[in-house]
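Sequence lines set the chain letters: A, B, ... in the order given, protein chains first and strands last, and positions in each chain run from 1. Side-chain atoms are counted along with the backbone in the values below, which use heavy atoms only and exclude waters and symmetry mates. Since this is a predicted model, take the numbers as computed values, not measurements.
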Amino acid sequence: MEEKIIELISAGLKDLYQITDVAIKIEDTKKEFEGDYTFVVFPYTRITKLGPEQTADALGKYILEHSKDISSYNVVKGFLNLVIADHIWNAFLHEQFSNVSYGKTQFGKGKKVMVEYSSPNTNKPLHLGHVRNNLLGWSISEIMKFNGYDVVKVNLINDRGIHICKSMLAWIKTGNGETPDSSGLKGDKLVGKYYVAFNELMKAEVAQLVASGISQEEAEKQAPILKEAQEMLLKWEAGDEETMHIWEMMNEWVYAGFELTYKRLGCDFDRYYYESNTYLLGKKAVDVGLSKNIFYKKDDGSVWIDLTADGLDQKLLLRADGTSVYMTQDIGTAMMKYDDEHCEKSVYVVGNEQEYHFKVLKLILEKLEVGNASGLYHLSYGMVELPTGKLKSREGKTVDADELIEEMYESAKFKTNELGKTEGLEEAELHHLYETIGLSALKYFILKIDPTRKMVFNPEESIELQGNTGPFIQYTYARIKSVLRGYNQQINYSVSELFLLKPEKDLLVLLYKFEQAVKEASLVMSPAVIANYIYEVAQSYNHFYHECSILREENEQVKQRRLAMSQLAANTIKNALHLLGIGTVERM
RNA sequence: GCCUCCAUAGCUCAGUGGAUAGAGCAACGGUUUUCUAAACCGUUGGCCGAAGGUUCGAGUCCUUCUGGGGGUACCA
């Protein structure tokens with residue numbers, strides 16, 4: 001429809017004013033005014049030599065004469081508001097109302113994209129920050145799939161490095177052979193406990209050193225337990241048997257724990273990468289870079305790249321002791337990823353604190369000519385903060401993912417029971433209901449916010465189930481399904497020339513824009529576009545529901561139309577919620 | 001210091017250079033013999049951080065300033 005209008009305006013400008021070769025832009029008409037699309041004529045008044053009103057009026061007249069699809073127009077100052085004829089909306093409804101995959105586009109057809117998300121460290125459990133990452137990564141993948149892209153979801157497990165050694169060391173020193181079975185703790189929780197323990201042990205040692213007259217900074221470098229961890233990393237890279245054994249055992253615990261959390265969050269992956277498998281490839285690449293003089297070696301043996309010519313600093317690629325760092329691993333991973341899948345685009349869902357890292361990574365890949373540097377895209381999302389301040393995982397001050405999900409579940413359960421809507425449902429159905437509603441509240445609360453922005457997570461607000469929330473949208477869906485159940489026959493809608501009431505038309509126009517939202521969400525990689533869109537749909541449907549009778553409508557044609565609209569709204573909500581990883585329930 | 005992102009209602013957030021800046025929450029009031037009240041309708045609440053500039057038109061673009069977040073050579 002937009003294209004048609006643009007053609008009309010373009011023809012009008014040419015015939016009336018001899019204006020050609022200009023990019024015509026139209027926008028949605030603001031609610032306060034009558035019309036569907038608006039064309040702003042201000043920029044053209046200089047050429048038309050007429051006032052804005054006259055220019056717009058002449059153009060409006062021209063369009064009305066040349067198209068049956070525009071039923072009327074009005075002019076406010078320099079704004080030409082065009083009203084689309086009802087038959088267009090009716091035809092759209094007729095075409096789409098039973099389309100269960102309504103909204104799908106072929107926008108990204110033939111393009112293959114890899115989306116890396118989650119990417120946890122194996123030394124501690126998943127927390128609120130990971131939750132945002134997981135939800136974003138999964139949702140963006142699904143949005144791109146919905147747009148026809150071939151998407152490979154990837155999880156890069158950071159299973160090696162000094163941080164892992166810290167957990168291992170603390171476990172060896174203080175664990176007394178504790179296991180998930182013996183402790184009853186989820187595997188990731190158990191390992192996380194020892195990561196916190198390490199930091200406490202180290203803190204004590206640092207305090208002691210400081211007491212003996214050494215500076216804080218120096219003490220933090222010299223703490224014996226830190227030295228031990230560093231030695232352990234060396235042993236690990238050398239393949240020391242005992243170290244490897246403990247490492248493998250503890251990682252298995254963590255994976256089992258993560259798996260449970262992923263399952264509950266609804267995240268899945270097509271492929272897993274392990275940094276323990278990719279860092280050697282990275283090291284090799286560093287050697288190649290050295291021989292090509294892209295990198296250089298300092299006297300202490302550490303390897304660097306000088307990026308001052310690119311406006312950046314110097315960056316470390318290998319430590320003086322020869323062990324690899326984050327960057328080394330990421331070079332190797334990028335190479336392996338490209339070898340495996342040959343995606344033209346590789347998206348990294350990683351927090352914005354690492355923007356610098358990815359800028360450097362991209363440059364290095366470019367210079368080394370490996371791993372498809374041009375396709376690298378860092379989807380940089382904002383940090384999650386609590387009303388009380390920032391999350392601090394080193395001190396164990398976080399919002400734990402599992403606990404958070406459980407709270408949402410309980411909240412949904414409490415609210416459902418309070419409303420007394422549990423009648424006739426069996427235990428398993430109830431569980432499913434609470435789970436679906438609780439997770440919807442959590443997911444929607446996080447995804448409705450623009451990913452690039454930092455967000456404040458208020459636990460009390462997040463468990464709200466009213467207003468602009470996931471459950472509100474689910475409720476609208478359940479309400480529609482209830483109406484459709486009440487009819488319980490095939491909807492038999494045929495295009496009629498009947499007049500659309502305002503709430504009907506508003507809803508239809510909004511539903512028509514789903515594809516546009518789907519496309520935009522994929523372009524800007526933002527589930528928030530979908531979330532905000534579907535919230536408007538739910539609001540609009542509820543308004544329509546209050547204003548217009550459906551089952552009680554006596555005019556059969558109108559009744560069928562409203563049923564068809566309900567059907568289309570239900571399909572739209574279901575598909576949109578799916579893109580956010582949110583399920584629907586038939587009643588709630 | 002340098003780089004970068006951000007600043008919109010009491011709170012959390014929307015706002016492709018266009019019209020009178022919008023939602024939700026919170027506060028107050030109303031709607032159910034009628035298709036699900038987790039809903040709907042209304043009231044209160046704004047120098048869009050400040051000052052300049054570009055433009056017919058700026059919350060949106062540019063400059064400066066203020067305040068905050070993040071990054072910045074051996075954590076990841």
Next item on the list: Fit a plane to each ring of A:Tyr272 and A:Tyr274, take the angle between them on a 0 to 90° scale, and name the class: parallel (under 30°), tilted (30 to 60°) or perpendicular (over 60°).
Entry: parallel
Next item on the list: Would you indicate which nucleotide in B:C35, B:A76, B:U34 comes nearest to any side-chain atom of A:Ile550?
Entry: B:C35
Check: What does A:Ser380 touch in the nucleic acid at a heavy-atom separation under 4.0 angstrom: a base, only the sugar-phosphate, or nothing?
Finding: nothing
Next item on the list: Please tell me which of A:Thr469 and A:His546 maps to the more 5' nucleotide of RNA chain B, matching each residue to the nucleotide holding its nearest heavy atom.
Entry: A:Thr469
Margin query: Using the rule given for side chain to side chain contact (heavy atoms under 4.5 Å, CB included), can you reason through A:Trp247 versus A:Trp236, listing the C-alpha separation, both sets of side-chain angles and the distance that settles it, and then say yes or no?
Written below: CA-CA 9 Å; A:Trp247 174 74; A:Trp236 184 91; 3.2 Å; yes
Next item on the list: Ignoring backbone atoms, test whether A:Arg319 places a side-chain nitrogen or oxygen under 4.0 Å from the OP1 or OP2 oxygen of B:A76.
Entry: yes
Margin query: Please give the distance between the P atoms of B:G42 and B:U36 as a whole number of Å.
Written below: 23 Å
Note to self: Please classify the nucleic acid contact of A:Gln329 as base, sugar-phosphate, or nothing, using heavy-atom distances under 4.0 Å.
What the structure shows: sugar-phosphate
Next item on the list: With heavy atoms under 4.0 Å as the rule, sort A:Thr38 into base, sugar-phosphate or nothing.
Entry: base
Notebook entry, point to check: What string of B, S and - do you get for nucleotides 4-17 of chain B, 5' to 3', when a contact is any protein heavy atom under 4.0 Å?
Noted result: S--S---SSSS-B-
Note to self: How many whole angstroms separate atom CD1 of A:Ile491 from atom P of B:C35?
What the structure shows: 19 Å
Item checked: Touch class at under 4.0 angstrom, heavy-atom based, for A:Ile437 against every strand present -> base
Check: Does NZ or CZ of A:Arg160 come closer than 6.0 Å to the centre of the six-membered ring of A:Tyr279, within 45° of the ring's axis?
Finding: yes
Check: What's the CZ-C1' distance between A:Phe358 and B:C3, to the nearest Å?
Finding: 18 Å
Check: What does A:Gln466 touch in the nucleic acid at a heavy-atom separation under 4.0 angstrom: a base, only the sugar-phosphate, or nothing?
Finding: sugar-phosphate
Check: What interatomic distance, in whole Å, is found between P of B:U44 and the corresponding atom of B:A38?
Finding: 27 Å
Margin query: Any side-chain N or O of A:Lys30 below 4.0 angstrom from OP1/OP2 of B:A19?
Written below: yes
Next item on the list: Name the nucleic acid region contacted by A:Asp306, choosing base, sugar-phosphate or nothing; use a 4.0 angstrom heavy-atom cut-off, strictly under.
Entry: nothing
Item checked: Side-chain (A:Asp450) to main-chain (A:Thr452) donor-acceptor, under 3.5 angstrom -> yes
Next item on the list: Would you indicate what A:Glu418 reaches in the nucleic acid, counting non-hydrogen atoms under 4.0 angstrom: base, sugar-phosphate, or nothing?
Entry: nothing
Check: Does the ring of A:Tyr475 lie flat against the base of B:A39, closer than 5.5 Å centre to centre with planes under 30°?
Finding: no
Check: Can you check whether A:Tyr356 has a side-chain N or O nearer than 4.0 Å to OP1 or OP2 of B:G71?
Finding: no
Margin query: Among B:A73, B:C56, B:A19, which nucleotide has an atom closest to any side-chain atom of A:Arg46?
Written below: B:C56
Next item on the list: Pick base, sugar-phosphate or nothing for A:Lys421, based on heavy-atom distances below 4.0 Å to the nucleic acid.
Entry: base
Check: Distance only, no hydrogens: is a donor on one side chain within 3.5 Å (strictly under) of an acceptor on the other, for A:Tyr475 and A:Gln466?
Finding: no
Next item on the list: Looking at every strand, decide which applies to A:Lys77 at a 4.0 Å heavy-atom threshold: base, sugar-phosphate, or nothing.
Entry: sugar-phosphate
Next item on the list: Considering just the side-chain nitrogens and oxygens of A:His357, establish if one lies under 4.0 Å of OP1 or OP2 belonging to B:A76.
Entry: no
Item checked: A:Lys25 charged N/C atom sitting above A:Phe42 aromatic ring, 6.0 Å / 45° -> no
Margin query: Measuring from the side chain of A:Val40 (C-beta onward, heavy atoms only), which nucleotide among B:G71, B:A73, B:G18 has the closest atom?
Written below: B:G18
Margin query: In whole Å, measure the gap between the P atoms of B:G24 and B:U20 for me.
Written below: 23 Å
Check: Using the P atom in both, what is the distance from B:A21 to B:U16, to the nearest Å?
Finding: 16 Å
Checklist line | Distance-only donor-acceptor test (3.5 Å): side chain A:Asn81, base B:A19 | finding: yes
Next item on the list: Grab the CG-C1' distance between A:Leu318 and B:C74 for me, whole Å please.
Entry: 10 Å
Next item on the list: Could you check whether A:Phe33 gets within reach of a base, just the sugar-phosphate, or nothing at all, counting any heavy atom under 4.0 Å?
Entry: base
Note to self: For the C1' atoms, the ones on B:U60 and on B:A14, what distance do you get once it is rounded to whole angstrom?
What the structure shows: 13 Å
Notebook entry, point to check: When the distance from CE of A:Met202 to C1' of B:C75 is rounded to whole Å, what number comes out?
Noted result: 11 Å
Note to self: Within this structure, what is the CD1-NZ distance for the pair A:Ile437 and A:Lys415, rounded to the nearest 0.5 Å?
What the structure shows: 11.0 Å
Margin query: Taking the P atom in each of B:U64 and B:G1, what is the distance between them to the nearest angstrom?
Written below: 15 Å
Next item on the list: Specify the separation, in whole Å, of atom CD of A:Glu220 and atom C1' of B:C75.
Entry: 12 Å
Next item on the list: Would you mind classifying the nucleic acid contact of A:Pro43 as base, sugar-phosphate or nothing, using non-hydrogen atoms under 4.0 angstrom?
Entry: base
Check: Between B:U33 atom C1' and A:Arg552 atom CZ, what is the distance in whole Å?
Finding: 12 Å
Next item on the list: Determine the contact category for A:Phe79: base if any of its heavy atoms lies under 4.0 Å from a base atom, sugar-phosphate if only primed atoms, P, OP1 or OP2 are that close, otherwise nothing.
Entry: base
Checklist line | Salt bridge present between A:Glu237 and A:Lys283 (N-O < 4.0 angstrom) | finding: yes
Next item on the list: Check every strand shown and say whether A:Cys165 touches a base, only sugar-phosphate, or nothing at a heavy-atom separation below 4.0 Å.
Entry: nothing
Margin query: Work out how far the P atom of B:C2 is from that of B:U8, and round it to whole angstrom.
Written below: 26 Å
Check: Base, sugar-phosphate, or nothing: which does A:Leu465 touch, judged by heavy atoms less than 4.0 Å apart?
Finding: base
Next item on the list: Give me the ring orientation class for A:Phe358 and A:Tyr348: parallel if the planes are under 30° apart, tilted from 30 to 60°, perpendicular past 60°.
Entry: tilted
Check: Can A:Asn81 and A:Thr38 be counted as having a side-chain donor-acceptor contact under 3.5 angstrom?
Finding: yes
Margin query: Rounded to whole Å, please give me the gap between CG in A:Asp299 and P in B:C74.
Written below: 17 Å
Item checked: Consecutive-pair stems (3 or more, Watson-Crick or G-U, under 3.5 Å) for RNA chain B -> B:1-7 with B:66-72, B:10-13 with B:22-25, B:27-31 with B:39-43, B:49-53 with B:61-65
Note to self: With rounding to the closest Å, how many angstrom separate the P atoms on B:A27 and B:U32?
What the structure shows: 23 Å
Notebook entry, point to check: Stepwise, does the side chain to side chain contact (heavy atoms under 4.5 Å, CB included) test hold for A:Val349 with A:Asn134?
Noted result: CA-CA 9 Å; A:Val349 183; A:Asn134 289 337; over 6 Å; no
Item checked: Lys/Arg N to Asp/Glu carboxylate O, A:Lys502 vs A:Asp506, below 4.0 Å -> yes
Item checked: Of A:Tyr535 and A:Asp321, the one whose closest RNA chain B nucleotide lies more 5' -> A:Tyr535
Next item on the list: Measure from the ring center of A:Tyr444 to the ring center of A:Tyr535 and say whether it is less than 6.0 Å.
Entry: no
Note to self: If I take atom NZ in residue A:Lys31 and atom P in nucleotide B:G22, what distance separates them, rounded to the nearest angstrom?
What the structure shows: 9 Å
Note to self: Under the criterion side chain to side chain contact (heavy atoms under 4.5 Å, CB included), I'd like the reasoning laid out for A:Thr328 against A:Val303: C-alpha separation, chi angles, the key distance, then a yes or no.
What the structure shows: CA-CA 10 Å; A:Thr328 330; A:Val303 178; over 6 Å; no
